[in-house]
Amino acid sequence: MDYAALAALASGSKGNCHAFSDGQRTLLVDVGITLKQIRLRMEAIGWDFARVGAVALSHEHSDHIRAVPILLRHTDCVFMVTRDTLAAVNTIHGIDIPPERLILLRAGHAADWNGVRVLPFTTPHDATDPVAYRIEWAGFQAAVVTDLGHPTALVADHCAGLDLLALEANHDVQMLREGSYPPALKARILSRVGHLSNESMGELLAGVHGPRLRTVVLAHLSEQNNDPALARLAAAEVLRHSTTALHLARQDEPLLVAAPAP
Ligand SMILES: [Zn+2]
Ligand SMILES: [Zn+2]
């Protein structure tokens, strides 16, 4: 099978977890929800949790790593993580991932897991060594790109020629500015190492949108500072002359965006 499906199991400031699977091998990108929720949501879309063999971590923020300790205890899956993020997971959260459970990554260098090419690349975000992932599954090219303060040329380069892109659309700048968050938190989110606004998402998407791109999933939407309709509009504007399908990932329920080929 040369085709993988993506499930956005959870996406938003309360927890993030994406899953790729071809029915045999399943790779998770971030595990920021409970193990119970990961299982339930996989079940809900007809996926078998027992197939999860690896977890790639983007950075050490809690909304991306919550289930790491319990996955260490209750599964034998391997963790793909950069050396600096591994250190941060250990020092900040007291989580110790033993060497035999690790595939150490370096941003900009592809690693192999079970025939799946996993390429971490640097994102501008206020964590120790944040990365996003480009995943190549046989011929299928996908990327999960969340938690970045602004679109960079490096990020755009890594999003070229994709079949599927899950991309952060965190906030509407005006809603955030006028909202109830404390000023310091607003400043953090708006900074160049914070989160991607709808507007910046549109800018990045316009730069990377090509004929091959079949599916866009908007991700990590803020429940407080965004309106799904505004995020959708910003992306639809860019995609208006194409047949690219547009989906919104949810905080509370899984979204299956492409079914495996029969
Ligand atoms: Zn983060
Ligand atoms: Zn996050």
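This one's a predicted model, so the numbers in the text were calculated from it and none came from an experiment. For the single chain, residues carry numbers from 1 onward in sequence order.
- Counting only heavy atoms from C-beta outward, the side chains of F140 and D22 never approach each other to under 4.5 Å.
- For H195 and H171, the gap between ring centers reaches or exceeds 6.0 Å.
- At least one side-chain heavy atom of V55 sits under 4.5 Å from a side-chain heavy atom of L57.
- To the nearest 0.5 Å, the span separating OG on S11 from CD1 on I33 amounts to 10.0 Å.
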Query raised in the report: Stepwise, does the side chain to side chain contact (heavy atoms under 4.5 Å, CB included) test hold for V238 with R240?
Result: CA-CA 6 Å; V238 177; R240 67 190 185 282; over 6 Å; no
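- Shown here is D76, whose CG atom has no more than 12 heavy atoms of other residues, nucleotides or ligands within 6.0 Å.
- By the 6.0 Å contact criterion, CD on Q251 is enclosed, its count of non-hydrogen atoms from other residues, nucleotides or ligands being greater than 12.
- Cluster membership check: Y133 shares its hydrophobic cluster with V257, using side-chain heavy-atom separations under 4.5 Å among Ile, Leu, Val, Met, Phe, Trp and Tyr.
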Query raised in the report: Which is it for W47 and R41 under the side chain to side chain contact (heavy atoms under 4.5 Å, CB included) test, yes or no, and what are the steps along the way?
Result: CA-CA 9 Å; W47 287 16; R41 291 174 192 211; over 6 Å; no
Query - From CA spacing to verdict: side-chain hydrogen bond (donor to acceptor under 3.5 Å, both in side chains), H158, R134 - result: CA-CA 7 Å; H158 285 84; R134 182 174 177 124; over 6 Å; no
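- Using a 4.5 Å cut-off on side-chain heavy atoms (C-beta onward), T26 and F20 make no contact.
- Nearest heavy-atom pair, G12 versus D63, reported as atom, atom and distance to 0.1 Å: O-OD2, 4.0 Å.
- In this structure, the side chains of L72 and P98 come closer than 4.5 Å at one or more pairs of heavy atoms.
- The closest donor-acceptor contact from the side chain of K186 to the backbone of G179 lies under 3.5 Å.
- Residues L162 and A142 share a closest heavy-atom pair of CD2-C, 3.7 Å.
- Linking ILVMFWY residues whenever their side-chain heavy atoms come closer than 4.5 Å, directly or via other members, leaves V29 and L248 in distinct clusters.
- Using a 4.5 Å heavy-atom threshold, the side chains of L176 and Y181 count as touching.
- Put simply, the side chain of E168 gets close to the backbone of D147: a donor and an acceptor are under 3.5 Å apart.
- Clustering ILVMFWY residues whenever any of their side-chain heavy atoms sit less than 4.5 angstrom apart, transitively, puts L28 in the very cluster that holds I45.
- The heavy-atom pair separating L221 from A231 by the smallest distance is CD2-CB, 4.0 Å.
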Query raised in the report: Can you check side chain to side chain contact (heavy atoms under 4.5 Å, CB included) on M42 and D48, steps first, answer last?
Result: CA-CA 7 Å; M42 286 181 74; D48 180 5; over 6 Å; no
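- Using a 3.5 Å distance cut-off with no hydrogens or angles, the side chains of D30 and H59 do not pair a donor with an acceptor.
- With rounding to the nearest 0.5 Å, the separation of CH2 in W137 from OG in S21 is 6.0 Å.
- Side-chain contact between V217 and T215 is present, with at least one heavy-atom pair separated by less than 4.5 Å.
- F121 and L154 make their closest contact through CB-CD2, 4.0 Å (heavy atoms, listed as atom of the first residue, atom of the second, distance).
- Side chain to side chain, H209 and T244 meet the donor-acceptor criterion of an N or O pair below 3.5 Å.
- Residues V131 and L105 fail the side-chain proximity criterion, which asks for heavy atoms closer than 4.5 Å.
- Looking only at distances, no side-chain donor or acceptor of N226 sits under 3.5 Å from a matching main-chain atom of P228.
- Taking the charged nitrogens against the carboxylate oxygens, D163 and R214 have no contact shorter than 4.0 Å, which rules out a salt bridge.
- Paired with P151 under the rule side-chain contact (heavy atoms from CB on, under 4.5 Å), one option of L196, L167, T123, V145 passes, and it is L196.
- Contact between C77 and V52 at its shortest, heavy atoms only, is CB-O, 4.0 Å.
- If you check the side chains of N225 and D172, you find no donor sitting under 3.5 Å from an acceptor.
- Taking the six-membered ring wherever Trp is involved, the centroid distance between the rings of H220 and H64 falls below 6.0 Å.
- Here L255 contributes atom CG and H18 contributes atom NE2; the two are 8.0 Å apart, rounded to the nearest 0.5 Å.
- With H61 as the fixed residue, the side-chain contact (heavy atoms from CB on, under 4.5 Å) test singles out one of N16, D126, T128: D126.
- Taking CD1 of I70 as the reference point, atom OG1 of T75 lies at 9.5 Å (rounded to 0.5 Å).
- Formation of a donor-acceptor pair under 3.5 Å by the S62 side chain with backbone atoms of R66 is not found in this model.
- Between E237 and A234, the closest heavy-atom pair is CB-O, 3.6 Å.
- Considering only heavy atoms from C-beta on, V144 stays 4.5 Å or farther from I135 through its side chain.
- Judged purely by atom type and a 3.5 angstrom limit, N90 uses its side chain to pair as donor or acceptor with the backbone of I95.
- L230 is not connected to M201 by any chain of hydrophobic side-chain contacts under 4.5 Å among Ile, Leu, Val, Met, Phe, Trp and Tyr, and they are in different clusters.
- Once rounded to the nearest 0.5 Å, the distance linking CE of M80 with OG of S58 reads 13.5 Å.
- For residues 92-107, every residue pair satisfying the side chain to side chain donor-acceptor pair (under 3.5 Å) rule, not counting sequence neighbours, is listed here: R106-H109.
- Remark: the backbone N or O of A160 is not paired with any side-chain donor or acceptor of R212 at under 3.5 angstrom.
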Report task. Test side chain to side chain contact (heavy atoms under 4.5 Å, CB included) on I38 and C17 and set out the steps. Result -> CA-CA 8 Å; I38 296 172; C17 183; 4.2 Å; yes
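- Here the straight-line distance linking atom CD of E223 with atom CZ of R250 works out to 9.0 Å at 0.5 Å rounding.
- Transitive grouping of hydrophobic side chains (ILVMFWY, heavy atoms separated by less than 4.5 Å) brings V68 and L102 into a common cluster.
- T85 places a side-chain N or O within 3.5 Å of a backbone atom of D129 that can act as its donor or acceptor partner.
- Of the possible polar contacts, one joining the D227 side chain to the A229 backbone as a donor-acceptor pair under 3.5 Å is found.
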